[in-house]
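All values reported here derive from a predicted model rather than from experimental measurement. Hydrogens, waters and symmetry mates are skipped; everything else that's a heavy atom, side chains included, is used.
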Amino acid sequence: MIYLDNAATSWPKPETVYQAISNFLKEKGGNPGRGSHSMASAAMEIIEETRNLISGFINSPDPNRIIFTLNCTDALNLALKGLLRSGDHVIISPFEHNSVIRPLNKLSRTGVEISKIYPTNDKGIVSPENIKKAIKKNTKLIVITHASNVTGVIQPIEEYGKIARTNDLILLVDAAQTIGKYPIDVQKSSIDLLAFSGHKGLFGPPGTGILYIGERVDLDTIREGGTGSQSEVEEQPSILPDRYESGTPNTLGICGLGAGVKFILSEGLEKIKMHGQHLIRKLIEGLSNINTISIYTPKKSSDIVPILSFNIKGYTPGEVGIILDQAFDIKVRAGLHCAALAHKALGTYPQGTVRLSPGYFNTSDEIDSTIMAIEKIAKNSSINC
């Protein structure tokens, strides 16, 4: 079996992640912050250790600004709904995921104004100059996905950060596809809000997400409840991270997430990045030689994460996905990838594309096998499904 759906969730996880989760359940399964006994304390230590690991990983100035969320979608909802009010103007790209588009569409019904800035070149980059031109008197926020989950193109977030600071705007970056695969420094890039999942590039389990909240941002809460702190107070605590972390946390998931970050640090982010670049370039080169295939990941772009979208003439994306799964045991993602706006921009709406997203545990031989399988489909060979 060849798994090429790492943009949806990474698989397999490092062995140390499985071990950490198992050991936690067996030995440290208390409720963090909800007791003074040893198991509750051990669980809290796991959470704070992971918070500190992630803080260092993105160069956050304060670990307490790392907020654990249900997933990246939850983090983006907190960022958008906690910040925006009627009359505010937001600038976005056409490559945003539905986890940005849908909350913003709801907010637009309450008076939030949205402007979409499209790329002006074939590399899929949103021009910083065009973002600058779109700024109005009521602009409050720039929202940008660091890398598209359809094309893999990485946007120049440092340049957007400079624009945001110069114009006293907030920059929110969706790093779901880049964290753990590409270096991110929230201070260097002037990022005010950074949202990402734990189960993709960080090798954590599902149900884990992070929102970094910078010092220039004061978000309203979107849920309130028990925090294990200031229990005598009927109002939500104002201290971070407690203000945004209500209810029993997913300590099991956070434990696995911490183990995933440790794995990246032990392997080296640059090594992981270079492996991904090697695999995606190999895919681009191999599929570019098949004349019935259209590739939507820019072939000449210097900055992409390991994501490639393509279609084969004469087949729907769904048909290709089924054939790859059933005839070749290759797992891919076909369709709109929860990013219909991106597919409209690419001209692949409404059917979408076939997406290949190799991960750190994929090999060159697996990529060769995948290219051969796709070539057989494209040539309409006899395939026994």
Side-chain angles (χ1 to χ4, degrees), residues 6-7 10 14 17 50-63 65-67 72 75-76 79 93 95 97 123-126 128 142-149 151-165 171-204 208-215 257-281 297-298 301-308 357-362:
N6 288 275
S10 59
V17 172
T50 304
R51 198 187 307 276
N52 278 284
L53 280 168
I54 292 171
S55 179
F57 196 69
I58 63 171
N59 195 27
S60 164
D62 179 2
R65 295 192 168 275
I66 302 298
I67 309 301
C72 188
L76 288 164
S93 83
F95 301 114
H97 191 273
K123 293 183 179 179
I125 301 293
V126 178
I142 299 170
V143 184
I144 200 80
T145 183
H146 193 187
S148 166
N149 73 324
T151 67
V153 172
I154 297 175
Q155 301 293 339
I157 55 173
E158 282 189 36
E159 295 185 49
Y160 305 148
K162 291 175 184 176
I163 293 170
R165 292 296 166 93
L171 174 63
L172 165 59
V173 175
D174 175 359
Q177 296 299 336
T178 50
I179 192 76
K181 307 172 187 175
Y182 196 89
I184 298 174
D185 185 323
V186 294
Q187 296 190 70
K188 183 180 178 181
S189 298
S190 301
I191 297 171
D192 298 296
L193 294 162
L194 182 73
F196 52 93
S197 56
H199 66 97
K200 296 182 183 183
L202 293 180
F203 298 113
T208 51
I210 303 289
L211 179 66
Y212 159 75
I213 302 176
E215 295 175 351
L257 173 56
V261 175
K262 288 179 183 177
F263 175 81
I264 294 170
L265 294 173
S266 67
E267 291 290 295
L269 181 58
E270 185 63 20
K271 179 182 176 183
I272 291 171
K273 176 187 171 185
M274 293 306 294
H275 182 66
Q277 289 292 306
H278 167 69
L279 297 183
I280 200 65
R281 295 296 171 193
T297 295
S301 180
S302 58
D303 261 346
I304 54 173
V305 291
I307 292 175
L308 183 147
S357 51
Y360 186 58
F361 295 108
N362 287 118

**OP:** Carefully, step by step, assess Leu172 and Leu76 under the rule side-chain contact (heavy atoms from CB on, under 4.5 Å).
**Re:** CA-CA 9 Å; Leu172 165 59; Leu76 288 164; 4.2 Å; yes
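- Nearest heavy-atom pair across Leu171 and Ala164 is CB-CB, 4.0 Å.
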Subject >> Ile54 vs Val261, side-chain contact (heavy atoms from CB on, under 4.5 Å): CA-CA, chis, key distance, verdict >> reply: CA-CA 7 Å; Ile54 292 171; Val261 175; 4.2 Å; yes
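- Atom CD1 of residue Ile163 and atom CD1 of residue Ile157 lie 12.5 Å apart, to the nearest 0.5 angstrom.
- Contact record, Phe95 with Thr145: O-CG2, 3.6 Å, taken as the closest heavy-atom pair.
- Inter-residue side-chain proximity for Pro183 and Leu269 is flagged as met; some heavy-atom pair is nearer than 4.5 Å.
- Looking at every heavy atom in both residues, Ile125 comes nearest to Pro156 through CG2-CD, 3.7 Å.
- Residues satisfying the side chain to side chain contact (heavy atoms under 4.5 Å, CB included) criterion with Pro14, sequence neighbours excluded, are Thr16, Val17, Phe203, Phe263, Phe361.
- For the atom pair NE2 (His97) and OG (Ser148), the distance works out to 10.0 Å, reported to the nearest 0.5 Å.
- Using a 4.5 Å heavy-atom threshold, the side chains of Pro358 and Pro306 count as touching.
- Between the CG atom in Asp192 and the CG atom in Leu194 there is a gap of 10.5 Å [rounded to 0.5 Å].
- Using a 4.5 Å heavy-atom threshold, the side chains of Ile280 and Leu308 count as touching.
- To the nearest 0.5 Å, atoms CG (Leu279) and OH (Tyr360) are separated by 10.5 Å.
- Between Pro61 and Glu215, some side-chain heavy-atom pair lies under the 4.5 Å cut-off.
- One N or O on the side chain of Gln155 and one on the backbone of Gly124 form a donor-acceptor pair closer than 3.5 Å.
- Scanning both residues, Tyr160 and Ile142, for their nearest heavy atoms gives O-CD1, 4.4 Å.
- Between Tyr212 and Ile58, some side-chain heavy-atom pair lies under the 4.5 Å cut-off.
- Between the side chain of Lys200 and the main chain of Ala7, a donor-acceptor pair closer than 3.5 Å is present.
- Side-chain atoms of Ile184 and Phe196, non-hydrogen and from C-beta on, never get closer than 4.5 Å to each other.
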Subject >> Test side-chain contact (heavy atoms from CB on, under 4.5 Å) applied to Val143 and Asp174, step by step >> reply: CA-CA 8 Å; Val143 184; Asp174 175 359; 5.9 Å; no
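- Aromatic pair Tyr182/His146: centroids less than 6.0 angstrom apart.
- Of all non-hydrogen atoms in Lys181 and Asn6, the two that sit nearest each other are NZ-O, 4.4 Å.
- Listed for the Gln187 side chain is a donor-acceptor partner under 3.5 Å among the backbone atoms of Asn59.
- Looking at every heavy atom in both residues, Ile272 comes nearest to Gly180 through CG2-O, 3.7 Å.
- Ser55 has its side chain out of reach of Asp62: every pair of non-hydrogen atoms, C-beta onward, lies at least 4.5 Å apart.
- In this structure a side-chain-to-backbone donor-acceptor pair under 3.5 Å is present from Thr297 to Thr151.
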Subject >> side-chain contact (heavy atoms from CB on, under 4.5 Å) between Leu53 and Lys262, intermediate numbers included >> reply: CA-CA 8 Å; Leu53 280 168; Lys262 288 179 183 177; 3.8 Å; yes
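- If you take SG on Cys72 and NE2 on His199, they are separated by 8.0 Å, rounding to the nearest 0.5 Å.
- Side-chain N or O atoms of His275 include one that pairs as donor or acceptor with a backbone N or O of Asn362 at under 3.5 Å.
- At least one donor-acceptor pair under 3.5 Å links the side chain of Arg51 to the backbone N or O of Ile66.
- Once rounded to the nearest 0.5 Å, the distance linking CD1 of Ile304 with CD of Gln177 reads 13.0 Å.
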